[in-house]
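Shown next, in structure tokens, is the structure this report addresses.
As the structure lists them, so they are numbered: ligands from 1, and atoms in each ligand from 1. Source: prediction; values computed, not measured.
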Amino acid sequence: MKLVIATRNPHKLKEIQAIFDFQGLEIYSSFDFPEIPNVVEDGDTLEANAVKKAVELCKATGLPALADDSGLEVEALGGRPGVYSARWSGEGCTYADNNAKLLRKLEGKTNRCAQFRTVMALARPDEQPQTVEGSVHGVIIEELRGDQGFGYDPLFMPDGYSRTFAELPAEVKNRISHRARALDAAANVWNDFFQGRK
Ligand code: ITT
């Protein structure tokens, strides 16, 4: 059985492969299909974008496709950047630009609660796509700390820890993260497809 992971983000791909035991499945990713155009992520929700990425890649390859759409939802910003997390500072922006914007937006705010949320969509040929999700709560600290991970990791300290996702060893992030929790749900809900693997 083949499965294609619908992402062009190498950090995400590495995390998904470290978290999940795909034993017995032949794994591909969007990087193996460079001729297939990038999906335009124009949905209003993580769910819509995850489904779009999975469905388009499934259609283009004829293979089951698993997509991850994730975002950082900050309470004091009404859930922003959320679905806009990747390009929050504009087309072509860097993780550093987005982190600088986040610190600016939270200047003087006492409520620094946030969550990372991942929606995973599985699209199989001739079947309705389905989604599961996972989240992790934490706070946005006041300066960047650590150089592991990617994206907003240097500013996000998960509840119960005194280090950011960018300071914690990858094994720890990959045990408690939004992505790990979504993959846990995926293994349970799509048990027929993943055959109980985690
Ligand atoms: P694909 O769509 O190709 O998978 P992407 O980077 O565009 O890659 P998203 O649309 O899901 O992925 O955007 C999510 C953004 O949210 C991502 O670019 C990061 O800025 C941030 N993000 C997602 N997961 C994260 C994590 O585990 N740690 C830190 N930041 C994360």
Side-chain angles (χ1 to χ4, degrees), residues 4-20 28-34 36-57 60 65-74 77 79-103 114-123 131 133-141 144-158 161 163-183:
V4 52
I5 299 174
T7 183
R8 289 184 200 262
N9 180 327
H11 302 281
K12 255 190 201 180
L13 183 61
K14 192 170 162 208
E15 285 190 7
I16 290 171
Q17 288 181 306
I19 294 167
F20 203 84
Y28 298 87
S29 77
S30 303
F31 294 111
D32 297 309
F33 300 94
I36 297 176
N38 228 341
V39 174
V40 182
E41 294 187 42
D42 53 4
D44 291 338
T45 60
L46 297 178
E47 287 77 2
N49 283 337
V51 166
K52 189 171 185 195
K53 286 191 268 190
V55 167
E56 288 196 13
L57 199 60
L66 181 73
D68 160 324
D69 206 56
S70 303
L72 178 70
E73 299 173 336
V74 180
L77 304 179
R80 289 280 189 268
V83 71
Y84 307 108
S85 294
R87 282 161 287 278
W88 197 30
S89 308
E91 213 49 52
C93 64
T94 63
Y95 292 144
D97 296 333
N98 286 337
N99 282 325
K101 179 168 178 175
L102 180 56
L103 286 178
Q115 68 170 359
F116 271 122
R117 194 159 70 90
T118 292
V119 176
M120 294 260 170
L122 179 64
T131 59
E133 68 170 78
S135 60
V136 57
H137 289 260
V139 291
I140 304 301
I141 60 164
L144 297 152
R145 276 172 36 185
D147 53 14
Q148 311 280 307
F150 67 102
Y152 299 93
D153 280 348
L155 290 176
F156 183 84
M157 191 179 283
Y161 291 79
R163 286 181 287 172
T164 66
F165 265 172
E167 292 177 304
L168 288 165
E171 308 86 78
V172 177
K173 179 184 175 191
N174 287 342
R175 202 168 58 236
I176 64 170
S177 77
H178 44 310
R179 193 158 289 113
R181 289 174 180 164
L183 284 166

Query raised in the report: Which protein heavy atom lies closest to atom 13 (O) of ligand 1, and at what distance to 0.1 Å?
Result: Ala86 CB, 3.5 Å
Report summary line: Between the OG1 atom in Thr164 and the CZ atom in Arg145, the distance rounded to the nearest 0.5 Å is 6.5 Å
Query - Closest approach of any protein heavy atom to atom 3 (O) of ligand 1, naming residue and atom - result: Arg8 N, 2.8 Å
**Report entry** CA sep, side-chain torsions, deciding dist, call: Asp153, Lys173, salt bridge (Lys or Arg N to Asp or Glu O under 4.0 Å)
**Finding:** CA-CA 10 Å; Asp153 280 348; Lys173 179 184 175 191; 2.8 Å; yes
Report task. Identify, for atom 28 (N) of ligand 1, the protein heavy atom at the shortest distance, and state residue, atom and that distance. Result -> Asp153 OD1, 2.6 Å
Report task. Using the test salt bridge (Lys or Arg N to Asp or Glu O under 4.0 Å), find all partners of Asp147 that sit at least two apart in sequence or belong to another chain. Result -> none
Query raised in the report: atom 14 (C) of ligand 1: which protein heavy atom is closest, and how many Å away?
Result: Ser70 O, 3.1 Å
Query raised in the report: For ligand 1, which atoms sit closer than 4.0 Å to a heavy atom of His178?
Result: 24 (N), 25 (C), 26 (C), 27 (O)
Query raised in the report: Mind checking whether Tyr95 has an N or O less than 3.5 Å away from an N or O of ligand 1?
Result: no
Query raised in the report: Run the salt bridge (Lys or Arg N to Asp or Glu O under 4.0 Å) check on Glu41 and Lys52 step by step: do they pass?
Result: CA-CA 8 Å; Glu41 294 187 42; Lys52 189 171 185 195; over 6 Å; no
Query - Contact (N/O only, under 3.5 Å) between Arg87 and ligand 1 - result: no
Query raised in the report: Would you say Lys173 contacts ligand 1, with heavy atoms under 4.0 Å as the rule?
Result: yes
Query raised in the report: Going by the order shown, which atoms of ligand 1 are within less than 4.0 Å of some heavy atom of Asp69?
Result: 9 (P), 10 (O), 11 (O)
Report summary line: The protein heavy atom nearest to atom 10 (O) of ligand 1 is Glu41 OE1, 2.8 Å
Report summary line: Of all protein heavy atoms, the one nearest atom 1 (P) of ligand 1 is Thr7 OG1, 3.5 Å
Query raised in the report: Going by distance alone, is a donor N or O of one side chain under 3.5 Å from an acceptor N or O of the other, for Asn9 and Thr7?
Result: no
**Report entry** Validation row: Val83, Asp44 side chains within 4.5 angstrom (heavy atoms)
**Finding:** no
Report task. Could you tell me the separation between the CG atom of Leu66 and the CD1 atom of Ile16, rounded to the nearest 0.5 Å? Result -> 6.0 Å
Query raised in the report: Is there any N or O on Asn98 that sits under 3.5 Å from an N or O of ligand 1?
Result: no
Query raised in the report: Which of the numbered atoms in ligand 1 are below 4.0 angstrom from a heavy atom of Lys53?
Result: 1 (P), 2 (O), 4 (O), 10 (O), 11 (O)
Query raised in the report: Hey, is the main chain of Leu46 close enough, under 3.5 Å, to the side chain of Asn49 for a donor-acceptor pair?
Result: no
Query raised in the report: Could a heavy atom of Phe150 be found less than 4.0 Å from some atom of ligand 1?
Result: yes
Requested in this report: Apply side-chain contact (heavy atoms from CB on, under 4.5 Å) to the pair Trp88 and Leu102, showing each step before the final yes or no.
Outcome: CA-CA 9 Å; Trp88 197 30; Leu102 180 56; 3.8 Å; yes
Report summary line: atom 20 (O) of ligand 1 sits nearest the protein heavy atom Tyr152 CE1, 3.5 Å
Query raised in the report: Taking atom 24 (N) of ligand 1 as the point of reference, which of His11, Lys12, Arg179 owns the nearest heavy atom?
Result: Arg179
Query raised in the report: Which residues pass the ring-ring contact (aromatic ring centres under 6.0 Å, His included) test with Phe156, sequence neighbours left out?
Result: Phe116, Phe165
Query raised in the report: Would you call Arg117-Glu47 a salt bridge at under 4.0 Å N-O?
Result: yes
Query raised in the report: What residue and atom, counting heavy atoms only, is the protein's closest point to atom 8 (O) of ligand 1, and at what distance?
Result: Asn9 CB, 3.4 Å
